[in-house]
Amino acid sequence: DARVTQTPRDKVTEMGQEVTMRCQPILGHNTVFWYRQTMMQGLELLAYFRNRAPLDDSGMPKDRFSAEMPDATLATLKIQPSEPRDSAVYFCASGLGAAAEETQYFGPGTRLLVL
Amino acid sequence: QQPVQSPQAVILREGEDAVINCSSSKALYSVHWYRQKHGEAPVFLMILLKGGEQKGHEKISASFNEKKQQSSLYLTASQLSYSGTYFCGTPHAGGTSYGKLTFGQGTILTVHP
């Protein structure tokens with residue numbers, strides 16, 4: 001049963017600390033998305049990779065957020081320094097990304113609380 | 001641009017029907033529907049493509065009217081397991097944005113016994 005995995009599932013940290021979230025896409029998927037979900041803003045796209053290349057990170061605060069794909073099995077989202085307003089659930093999703101009808105498969109999410 | 005969903009929330013009794021609408025201000029060539037249960041990740045339900053076709057998943061079906069730039073999700077004879085937040089997602093066209101979705105704000109569906 002192929003699934004997207006994310007670690008950690010929960011993270012509590014203090015303002016100013018660095019936070020790294022990891023995602024393992026489904027094997028064979030070449031597209032990875034990072035989303036942030038809050039009650040106020042809903043589901044927002046932060047960054048988007050295809051074949052490990054960043055295609056769009058316009059939704060991401062550039063001064064503190066960074067996203068990378070060191071290899072095809074790992075995507076990372078880093079926040080440095082973290083702020084209380086970063087508290088949210090961060091989802092990673094993967095897909096084949098070949099056409100408009102491609103499905104995105106979401107991981108379980110990382111629930112981040114910045115105190 | 002974010003698609004607009006209506007209503008924002010629906011409360012049903014088991015066995016009742018509901019319709020959730022999703023409309024966009026830009027031309028659409030497909031609409032994706034996802035359901036998210038509380039504390040869980042969004043899960044794919046179905047994709048509607050050009051041509052006004054309808055699709056089904058359990059007793060959930062959907063239609064897509066590309067001329068009106070809108071899609072509707074029909075939940076028939078609702079079950080307790082249908083409770084959750086329903087999102088529509090609209091893709092961006094072409095270039096490097098291919099496959100990228102913008103999600104609506106969600107419709108919260110609550111089914112009571």
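The chains referred to below are lettered A, B, ... by the order of the sequence lines, with proteins before strands, and numbering in each begins at 1.
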B:K37 atom NZ: more than 12 heavy-atom contacts under 6.0 Å: yes
Is the count of non-hydrogen atoms from other residues, nucleotides or ligands lying under 6.0 Å from A:L27 atom CG greater than 12? no
For atom CZ of A:R64, decide whether the heavy atoms of other residues, nucleotides or ligands shown that lie under 6.0 angstrom number more than 12. yes
Kindly state whether the ring of B:F44 and the ring of A:F106 have centres lying under 6.0 angstrom apart. no
Which atoms form the tightest heavy-atom contact between A:G107 and B:A41, and what is the distance? O-CB, 2.9 Å
Examine whether an atom of A:Q37 lies under 4.5 Å from a heavy atom of chain B, and if so say whether it belongs to the side chain, the backbone or both; otherwise answer neither. side chain
In terms of heavy-atom contacts, A:Y35 and B:L101 come closest through OH-O, 4.1 Å
For A:Q104, is there any backbone N or O sitting under 3.5 Å from a side-chain donor or acceptor partner on B:Y34? yes
Please answer: with hydrophobic residues joined when any side-chain heavy atoms are less than 4.5 Å apart, are A:V89 and B:F103 in the same cluster? yes
Would you please name every residue forming a salt bridge (charged side-chain N to carboxylate O under 4.0 Å, His left out) with B:K67, sequence neighbours left out? none
Nearest heavy-atom pair of A:F91 and B:E40: which atoms, and what distance? CZ-O, 3.8 Å
According to a 4.5 Å side-chain heavy-atom criterion applied to Ile, Leu, Val, Met, Phe, Trp and Tyr, with indirect links allowed, do A:Y105 and A:L45 form part of one hydrophobic cluster? no
B:Q105 versus chain A, the contacting section by heavy-atom distance below 4.5 Å: neither
Test item: B:I47 and A:T103 side chains (from C-beta on) under 4.5 Å apart, heavy atoms: yes
